[in-house]
Amino acid sequence: MTPPDDLARAVEATLFASDRPLTPEEISRHLGGAAVRAALVALQRDYAGRGVELVERGGRWHFQTAGDLAHLLRRETEDVRRLSRAATEALAIIAYHEPVSRAEIEAIRGVQTAKGTLDVLMEAGWVRVAGRREVPGRPTIYATTSEFLAHFGLSSRRDLPGIDELRAAGLLDPVDDAYALLTGGEDGDRGREPEKEDESS
Amino acid sequence: MTPPDDLARAVEATLFASDRPLTPEEISRHLGGAAVRAALVALQRDYAGRGVELVERGGRWHFQTAGDLAHLLRRETEDVRRLSRAATEALAIIAYHEPVSRAEIEAIRGVQTAKGTLDVLMEAGWVRVAGRREVPGRPTIYATTSEFLAHFGLSSRRDLPGIDELRAAGLLDPVDDAYALLTGGEDGDRGREPEKEDESS
Amino acid sequence: MDAAPPAPSLFEGDEAWDALPASAPARDGDALHLELENWEGPLDLLLDLARRQKVDLRTISILELVDQYLGYIERAEALRLELAADYLVMAAWLAYLKSLLLLPRDPEMQPSPEELALRLQLRLQRLGAMREAGARLMARDRLGRDVFARGAPEGLRVDRRHRWQADLFDLMQAYGVVKARTAPVVHIVRERAVMTLDSALARLSALLGASLDWQDLHSFLPSRGEAGWEDPALRRSALASSFVAALELAKQGKAEIAQDETFGPLRLRRATGAAGAVAA
């Protein structure tokens with residue numbers, strides 16, 4: 001390792017000591033307002049290929065063990081119990097479509113979603129209430145959290161496996177839209193109205 | 001950093017993820033019996049001078065924040081707060097009657113005085129423990145400090161206005177309401193009955 | 001398909017976490033009802049059947065799918081009817097769709113059977129995509145299972161220090177309040193003479209009955225010489241109670257109130273039309 005400069009050392013120490021991922025702003029505030037982006041990039045380069053790496057997940061940075069060492073370190077603990085199919089599908093739908101209402105999740109799955117399913121996802125810290133959709137009934141809408149990104153090793157939602165292909169294939173569009181597209185679009189305005197989403201939270 | 005070999009990477013990740021310092025034997029057992037000493041030494045050299053260091057304490061190894069950066073782990077901020085009414089009363093009683101025990105303060109105030117109230121006064125540097133009273137139970141007694149005199153612009157406790165002066169200034173008028181009015185009134189009925197006061201805010 | 005099946009009690013209690021590893025393979029005989037519990041509803045079962053056609057979801061044969069589904073459900077019915085309600089609703093719908101697809105075309109029909117089939121196919125594709133996405137998500141290197149954050153972080157602490165503020169006046173004032181509060185005091189609760197609303201009501205009703213003319217509210221008050229006239233506090237109380245009593249009587253339709261100008265005298269008389277009602 002090439003010895004880092006003082007700022008990089010300070011950023012390194014701060015991230016190492018922190019018990020949770022930090023945004024650059026939080027690191028900067030902790031270090032008296034220094035600009036830390038360059039140091040983060042330099043550190044990320046320093047650690048590339050080591051047993052520990054510096055990663056960015058949803059705008060927050062943390063050190064973690066390298067993925068290719070998983071076979072040496074893997075633990076099946078209480079915290080990482082297997083999610084049920086229902087919860088896994090609901091999580092995928094929220095992640096790929098966010099923000100979505102429960103009715104939209106149910107429309108895709110074709111069954112009601114038990115209250116407990118969303119609770120489990122929220123308790124795990126992966127899903128949050130993202131306000132209400134401004135349509136009749138003002139349904140609650142859900143979105144994923146930065147903990148979700150951190151847990152599944154995603155820098156951002158753009159990293160979701162296959163999201164570009166799914167979008168290109170129209171598989172993230174509602175059935176009505178896809179149908180209209182396939183049949184020449186005379187039904188084109190049947191789909192969802194443009195909606196105002198309340199992202200207040 | 002020079003990229004470490006596979007074993008060093010595994011040792012690095014194992015130590016990083018462990019929630020306690022590990023002996024070389026424990027690391028070795030974790031990694032299928034590999035000899036890890038050389039890797040530990042190489043890692044220690046890698047990290048020398050960085051914001052994080054690999055240290056051995058009593059035969060156990062762990063990563064820790066570099067000693068010269070320990071100050072980064074704690075940061076102090078200061079904010080200015082007005083003394084609460086309960087604390088101000090307690091301070092006034094100590095100033096007029098010192099040295100007094102907590103029981104005496106309570107007897108004079110007519111309400112219970114939370115432990116936190118005296119803590120605040122001591123944190124402010126205005127009150128000190130002045131020993132114990134030689135009566136059954138040997139209660140702690142409190143007195144004001146020279147910082148108290150300095151802060152309130154008094155050259156000695158004799159400068160405190162006497163009861164007659166207070167009366168002349170109308171400060172002994174038996175109207176809690178007047179006080180409540182002057183102070184915004186949120187706690188106008190505070191004095192009615194003994195109560196625990198929460199000074200935590 | 002737009003008519004979603006009614007709330008299937010089957011799924012109300014679905015456990016969000018898999019408590020147990022997948023159950024042992026069921027024997028052929030009752031395989032279906034065991035599996036039914038494992039499916040997340042009719043669409044999920046359809047998707048499974050579609051996948052078994054081992055072709056792209058875009059080219060599945062809806063007719064074949066319908067047959068397979070109906071075949072399954074026939075056996076399910078025999079096993080556990082109460083669990084299969086949603087599946088039966090879907091079965092009925094699929095049987096209907098099948099008949100439409102096989103019968104000669106009715107050009108008037110909206111939506112056409114092809115549209116219904118296409119919509120079903122689109123739904124299956126979407127569910128299939130999410131099922132796959134979920135599986136890929138779960139298979140990633142996950143924090144706390146495959147990759148790990150630092151096991152024993154020191155933690156970052158921000159210590160907040162307070163600088164306390166108070167001035168000498170606060171101190172004086174506080175001491176004054178303490179002394180005043182704890183000074184011995186004697187409380188004498190004086191008995192105050194009041195006219196209650198009830199007695200004002202009774203008095204007003206009685207006096208109103210005597211005359212049909214407008215009278216000043218003050219003329220209903222205790223007059224000089226009557227008990228209580230000497231006490232100004234009682235006079236004030238009587239005025240207030242009588243005023244409220246007058247409002248109450250007006251509300252009940254037993255009296256009329258008039259006032260010619262703001263702060264002018266309040267005048268009162270028995271409600272003309274209400275005499276009978278009052279009597280009744």
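The chains referred to below are lettered A, B, ... by the order of the sequence lines, with proteins before strands, and numbering in each begins at 1.
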Worksheet item: Run the side chain to side chain contact (heavy atoms under 4.5 Å, CB included) check on L160(B) and M172(C) step by step: do they pass?
Response: CA-CA 8 Å; L160(B) 285 170; M172(C) 312 289 83; 3.9 Å; yes
Worksheet entry | Closest non-hydrogen atom pair, F152(B) against A166(C) | CE2-O, 3.4 Å
Worksheet item: Is any residue of residues 23-34 of chain B within less than 4.5 Å of chain C by heavy atoms, and which ones?
Response: none
Separation between [atom1] of [X] and [atom2] of [Y], rounded to the nearest 0.5 Å:
{"X": "Q173(C)", "Y": "E89(B)", "atom1": "CD", "atom2": "CD", "result": "10.0 Å"}
{"X": "R157(C)", "Y": "L72(B)", "atom1": "CZ", "atom2": "CG", "result": "14.5 Å"}
{"X": "R81(B)", "Y": "R163(C)", "atom1": "CZ", "atom2": "CZ", "result": "13.0 Å"}
{"X": "I93(B)", "Y": "L171(C)", "atom1": "CD1", "atom2": "CG", "result": "10.0 Å"}

Worksheet item: Under 3.5 Å, side chain of H151(B) to main-chain N/O of Q165(C), donor-acceptor pair present?
Response: no
Worksheet item: Are any side-chain N or O atoms of R150(C) and backbone N or O atoms of F63(B), one a donor and one an acceptor, separated by less than 3.5 Å?
Response: yes
Worksheet item: Does D170(C) pair with R85(B) as a salt bridge, N-O distance under 4.0 Å?
Response: no
Practice prompt. Look at the rings of Y175(C) and H97(B) and say which category their plane angle falls in: under 30° parallel, 30 to 60° tilted, over 60° perpendicular.
Written response: tilted
Practice prompt. Tell me, for T65(B) versus chain C, whether the close heavy atoms (under 4.5 Å) come from the side chain, the backbone, both or neither.
Written response: both
Discussion item. Please classify the contact of H62(B) with chain C as side chain, backbone, both or neither, using a heavy-atom distance under 4.5 Å.
Written reply: neither
Practice prompt. Assess whether atom NE2 of H71(B) is packed by more than 12 heavy atoms of other residues, nucleotides or ligands within 6.0 Å.
Written response: yes
Worksheet item: Got a sec: does the CG of D119(B) have more than 12 other heavy atoms crowding it under 6.0 Å?
Response: yes
Worksheet item: With only heavy atoms counted, which part of A149(C) is less than 4.5 Å from chain B, the side chain, the backbone, both or neither?
Response: backbone
Worksheet item: Most heavy-atom pairs under 4.5 angstrom with chain B, which of D167(C), L168(C), V147(C), L156(C)?
Response: L168(C)
Worksheet item: In a check of side-chain contact (heavy atoms from CB on, under 4.5 Å) between W164(C) and each of T88(B), V80(B), L83(B), which one passes?
Response: L83(B)
